[in-house]
Amino acid sequence: MRSAPTPSRKNTGSYYTPDALVGLILDQTLEPLIAERRAAFANALAGLRATDSEDARRRSLRAVDPAEAILGLRVLDPAMGSGHFLVSLVDTLTDHVLVAMAEVAAAGATLDHRSPLAERIATIRETILANAARDRWAIDEAQLDDRHIVRRMVLKRCVYGVDKNPMAVELAKVALWLHTFTVGAPLSFIDHHLRSGDSLFGLWVRDGIAAAQRWGGGELLYARPLREAQSAAAAMGVIERLTDAEIAEAHESAKTFYGVQAQTAPLAVFLSVLAALDWLALGREDRPAVRA
């Protein structure tokens with residue numbers, strides 16, 4: 001995916017993927033997924049019965065709302081460089097969300113039905129305007145249109161990236177912050193989605209459990225690390241629901257995530273040890289020591 005690196009670009013993490021290639025990748029990977037979600041809404045719309053109550057029909061449509069479903073996508077760039085692909089991804093998903101909202105509004109006109117996302121966008125806009133009025137900031141409401149707000153939602157919920165170079169991660173954060181900047185709102189917390197590390201090396205948790213059991217150390221995994229990590233999953237859900245429309249929410253996102261990191265640290269260390277064992281050429285005589 002990346003253009004040929006030069007020494008300086010390798011050191012700074014500023015790899016760049018050509019626009020034509022970015023567009024091709026997005027078309028080939030995202031379009032089928034988005035088409036599935038739009039088709040689910042169309043099928044639900046076609047399946048509505050005149051004998052159903054309006055509330056029942058609205059509930060059926062809300063359950064397969066395509067805008068919400070698109071925002072439920074999780075897209076990872078496993079070698080993100082300076083984030084050029086992710087910036088384009090934000091725009092692409094934002095366009096699809098807005099188109100889906102318009103389609104829902106048109107299809108549900110007779111039911112007075114809109115995408116539930118429209119209500120959340122309005123709430124975020126009102127929060128930003130209220131904070132601006134309280135603190136006497138000058139805001140052009142044209143900069144708070146649906147596109148600006150949906151971009152922030154896509155960034156917080158859909159976009160993931162990994163790179164081995166810590167500087168590349170910081171460059172990607174800045175690129176995404178600049179691209180989704182909204183006057184009157186703080187920068188979104190995205191440390192939980194953009195990470196420095198090796199996306200090719202490591203263990204999935206389920207594979208780690210199996211490896212621990214093979215080595216005879218399953219009880220160590222279940223004693224504390226796995227329980228702590230399982231309890232952290234709910235906290236990650238809280239971060240995803242926060243809009244970061246005001247500074248208090250952005251701080252809450254950060255505080256919650258750093259708590260999650262502390263909770264999952266024992267599991268991460270344990271899985272790292274198990275992954276390392278896979279790469280060591282251990283002889284039969286070494287295995288009792290590992291199990292001990």
Side-chain angles (χ1 to χ4, degrees), residues 1-6 8-10 12-42 64-106 115 117 121 142-165 167-182 187-188 190-200 240:
M1 283 177 58
R2 301 294 178 262
S3 53
T6 64
S8 62
R9 288 170 65 189
K10 182 176 181 180
T12 60
S14 54
Y15 298 156
Y16 182 85
T17 306
D19 287 334
L21 182 54
V22 169
L24 176 64
I25 293 170
L26 289 171
D27 287 345
Q28 295 296 317
T29 58
L30 285 183
E31 291 295 342
L33 300 175
I34 290 167
E36 286 178 5
R37 284 147 181 79
R38 293 173 65 181
F41 178 78
V64 290
D65 183 76
E68 291 275 17
I70 292 169
L71 272 179
L73 291 171
R74 303 291 182 261
V75 183
L76 168 71
D77 186 342
M80 64 182 167
S82 54
H84 177 59
F85 173 82
L86 296 180
V87 168
S88 298
L89 170 65
V90 167
D91 281 345
T92 298
L93 286 178
T94 297
D95 289 343
H96 282 295
V97 168
L98 293 172
V99 168
M101 289 177 62
E103 288 179 346
V104 171
S115 169
L117 193 59
I121 291 172
Q143 296 179 325
L144 288 177
D145 62 5
D146 288 0
R147 179 175 300 280
H148 280 81
I149 294 173
V150 172
R151 274 180 180 165
R152 290 175 59 89
M153 300 173 86
V154 168
L155 175 63
K156 183 74 182 286
R157 294 174 57 177
C158 306
V159 174
Y160 291 76
V162 180
D163 202 280
K164 292 179 71 172
N165 189 333
M167 186 177 290
V169 178
E170 296 306 313
L171 285 171
K173 285 181 189 177
V174 172
L176 288 163
W177 277 331
L178 290 174
H179 193 66
T180 60
F181 177 72
T182 303
L187 298 175
S188 296
I190 52 177
D191 283 11
H192 62 318
H193 281 190
L194 303 184
R195 310 295 297 158
S196 177
D198 191 329
S199 58
L200 300 179
E240 297 298 307

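For the single chain, residues carry numbers from 1 onward in sequence order.
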In Å and rounded to the nearest 0.5 Å, what is the [atom1] to [atom2] distance from [X] to [Y]?
{"X": "Arg147", "Y": "Ile121", "atom1": "CZ", "atom2": "CD1", "value": "11.0 Å"}
{"X": "Asp163", "Y": "Asp77", "atom1": "CG", "atom2": "CG", "value": "8.0 Å"}
{"X": "Thr92", "Y": "Ile34", "atom1": "OG1", "atom2": "CD1", "value": "8.0 Å"}
{"X": "Phe181", "Y": "Arg152", "atom1": "CZ", "atom2": "CZ", "value": "9.0 Å"}
{"X": "Ser188", "Y": "Met153", "atom1": "OG", "atom2": "CE", "value": "10.5 Å"}
{"X": "Arg195", "Y": "Leu76", "atom1": "CZ", "atom2": "CG", "value": "12.5 Å"}

Exercise for the section: Look only at the side chain of Arg38 and the backbone of Glu36, and say whether a donor-acceptor pair between them is shorter than 3.5 Å. Expected result: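 Checking the backbone N and O of Glu36 against the side chain of Arg38, no donor-acceptor pair under 3.5 Å is found.
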Practice task
Examine distances only and state if a side-chain atom of Arg74 and a backbone atom of Leu71 form a donor-acceptor pair shorter than 3.5 Å.
Solution key: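 Such a contact is found between Arg74 side chain and Leu71 backbone.
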What are the two closest heavy atoms between [X] and [Y], and how far apart are they?
{"X": "Ser115", "Y": "Ala67", "value": "OG-CB, 3.8 Å"}
{"X": "Val97", "Y": "Val150", "value": "CG1-CG1, 3.8 Å"}
{"X": "Val90", "Y": "Thr94", "value": "O-OG1, 2.7 Å"}
{"X": "Ile70", "Y": "Cys158", "value": "O-SG, 4.2 Å"}
{"X": "Glu31", "Y": "His96", "value": "OE2-NE2, 3.2 Å"}
{"X": "Gly197", "Y": "Val162", "value": "O-CG1, 3.4 Å"}

Practice task
Determine whether Val87 and Leu176 make a side-chain contact, defined as any pair of heavy atoms from C-beta on separated by less than 4.5 Å.
Solution key: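 A side-chain contact exists here, since the closest heavy-atom pair is under 4.5 Å.
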Practice task
With the side chain counted from C-beta on, respond yes when Glu240 and His193 share a heavy-atom pair under 4.5 Å apart, and no when they do not.
Solution key: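 When only atoms from C-beta onward are counted, His193 and Glu240 do touch, with a gap below 4.5 Å.
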Exercise for the section: Among Leu30, Leu73, Val154, Thr29, find the one that has a side-chain contact (heavy atoms from CB on, under 4.5 Å) with Leu89. Expected result: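 Only match with Leu89 under side-chain contact (heavy atoms from CB on, under 4.5 Å): Leu30.
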Exercise for the section: Take Leu86 and Leu194, measure what side-chain contact (heavy atoms from CB on, under 4.5 Å) needs, and give me the verdict at the end. Expected result: CA-CA 10 Å; Leu86 296 180; Leu194 303 184; 3.9 Å; yes
Exercise for the section: Show your working on side-chain contact (heavy atoms from CB on, under 4.5 Å) between His148 and Asp145 and close with a plain yes or no. Expected result: CA-CA 6 Å; His148 280 81; Asp145 62 5; 2.6 Å; yes
Practice task
Could you walk me through whether Leu187 and Lys173 pass the side-chain contact (heavy atoms from CB on, under 4.5 Å) test, one step at a time?
Solution key: CA-CA 10 Å; Leu187 298 175; Lys173 285 181 189 177; over 6 Å; no
Problem - Positive for side-chain hydrogen bond (donor to acceptor under 3.5 Å, both in side chains) with Arg151, one of Asp146, Thr180, Asp91 - result: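 That would be Asp91; it is the only one of Asp146, Thr180, Asp91 passing the side-chain hydrogen bond (donor to acceptor under 3.5 Å, both in side chains) with Arg151.
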Exercise for the section: Go through Asp65 and Arg37 one step at a time and tell me if the salt bridge (Lys or Arg N to Asp or Glu O under 4.0 Å) criterion holds. Expected result: CA-CA 8 Å; Asp65 183 76; Arg37 284 147 181 79; over 6 Å; no
Exercise for the section: Show your reasoning for whether side-chain contact (heavy atoms from CB on, under 4.5 Å) applies to Leu26 and Phe85. Expected result: CA-CA 9 Å; Leu26 289 171; Phe85 173 82; 3.8 Å; yes
